Amino acid sequence: GEERENLTYELFGQAIRELAQAVADDGYEPDMILSIARGGLFVAGGLGYALDVKNLHVMNVEFYTGVGETLDMPVMLPPVPNVVDLSEKRVLVADDVADTGKTLKLVHDFCSEHVAEVRSAVVYEKPQSLVKCEYVWKYTDRWINFPWSVEPPVVRRDGQVLDA
Ligand code: 5GP
């Protein structure tokens with residue numbers, strides 16, 4: 001087959017409805033959706049509408065890249081969600097993909113200290129993921145092209161790269 005998963009915006013629309021349906025069919029009623037920026041923002045926004053959840057929060061998690069080095073572990077970047085906002089809530093963590101699963105594990109561990117219940121929803125999960133998400137649209141071991149990151153950032157009229 002193809003060597004990559006190619007998610008289009010159109011297919012993403014279908015994926016989100018199906019992912020939301022799986023959550024609803026399971027009887028899970030989150031009080032809050034916690035998105036992991038940036039890819040998880042698309043997923044969280046779609047799930048928020050489909051599940052009629054207006055309470056959305058964002059966590060910024062990145063694999064920290066120093067000069068010529070990549071750390072093995074993801075780190076939370078500020079602002080970190082206020083634990084008071086999380087307390088006693090049923091949380092649904094939303095992300096684009098669980099690959100190594102390290103990002104979701106970090107968020108899951110952060111949440112589980114404060115919340116009533118935490119479950120995760122992702123569009124894709126890979127076999128090596130150390131977190132097994134409750135809600136997965138598709139399992140794959142391929143590299144995924146997401147519609148929001150498959151193209152490079154736009155360039156300014158003067159040719160300078162944005163955010164360089
Ligand atoms: P983790 O390895 O912690 O599960 O995933 C970290 C992040 O790496 C994901 O949220 C995503 O941004 C990026 N990533 C992992 N696998 C893929 C992939 O197959 N395609 C793309 N575009 N990004 C990926």
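Throughout, residue positions are numbered sequentially from 1 according to the sequence presented. Please read all numbers here as calculations on a predicted model, not as lab measurements. Numbering of ligands and ligand atoms starts at 1, following listing order.
With Arg38, Lys126, Arg142, Glu125 as candidates, the residue nearest to atom 19 (O) of ligand 1 on a non-hydrogen basis is Lys126. Between Leu106, Thr100, Val61, it is Thr100 that holds the heavy atom closest to atom 1 (P) of ligand 1.
If you look at Phe146 next to ligand 1, the close heavy atoms, those under 4.0 Å, all belong to the side chain. Of the heavy atoms in Asp96, only side-chain atoms (C-beta onward) come closer than 4.0 Å to ligand 1. Here Asp95 has side-chain heavy atoms under 4.0 Å from ligand 1, and that is the only part of it that gets that close. Of the heavy atoms in Tyr124, none comes closer than 4.0 Å to ligand 1.
Annotation: the span from Leu86 atom CG to Phe110 atom CZ amounts to 5.5 Å, rounded to 0.5 Å. With values rounded to the nearest 0.5 angstrom, Phe42 atom CZ is found 13.5 Å from Leu47 atom CG.
Within the listing of ligand 1, atoms 3 (O), 6 (C) sit less than 4.0 angstrom from a heavy atom of Phe63.
Residue-environment remark: OH (Tyr139) exceeds the threshold of 12 foreign heavy atoms within 6.0 Å.
The closest protein non-hydrogen atom to atom 11 (C) of ligand 1 is Val97 CG1, 3.7 Å. Closest to atom 24 (C) of ligand 1 among all protein heavy atoms lies Trp143 CH2, 3.5 Å. Looking from atom 15 (C) of ligand 1 to the surrounding protein, the closest heavy atom is Asp99 OD2, 3.2 Å. For atom 3 (O) of ligand 1, the closest non-hydrogen atom of the protein is Thr103 OG1, 2.6 Å.
For the side-chain contact (heavy atoms from CB on, under 4.5 Å) test with Tyr135, the passing option among Asp25, Leu92, Val93, Val122 is Leu92; the others fail.
Put simply, atom 7 (C) of ligand 1 has no protein non-hydrogen atoms near it, under 4.0 Å away.
Taking both residues in full, the closest heavy atoms of Ser120 and Cys133 are given as O-CB, 3.7 Å, listed atom of the first, atom of the second, then distance.
Judged by the shortest distance from any of its heavy atoms, Ala98 lies inside the 4.0 Å radius around the atoms of ligand 1.
Close N/O approach between Ile144 and ligand 1 is found [any backbone or side-chain N/O within under 3.5 Å]. Considering backbone and side-chain atoms alike, Gly101 places an N or O below 3.5 Å from some N or O of ligand 1.
Between Phe146 and Trp148, the two ring planes are parallel [angle under 30°; tilted spans 30° to 60°].
The pair Asp141-Lys126 fails the salt-bridge criterion, with no side-chain N (NZ, NE, NH1 or NH2) lying under 4.0 Å from an Asp/Glu carboxylate O. Between Glu5 and Arg142, at least one side-chain N (NZ, or NE/NH1/NH2) sits under 4.0 Å from a carboxylate O, which counts as a salt bridge. The pair Asp96-Arg38 does not meet the salt-bridge criterion, since no charged nitrogen lies less than 4.0 angstrom from a carboxylate oxygen.
In terms of hydrophobic clustering, with Ile, Leu, Val, Met, Phe, Trp and Tyr side chains grouped at heavy-atom distances under 4.5 Å, Ile144 and Val136 are assigned to different clusters.
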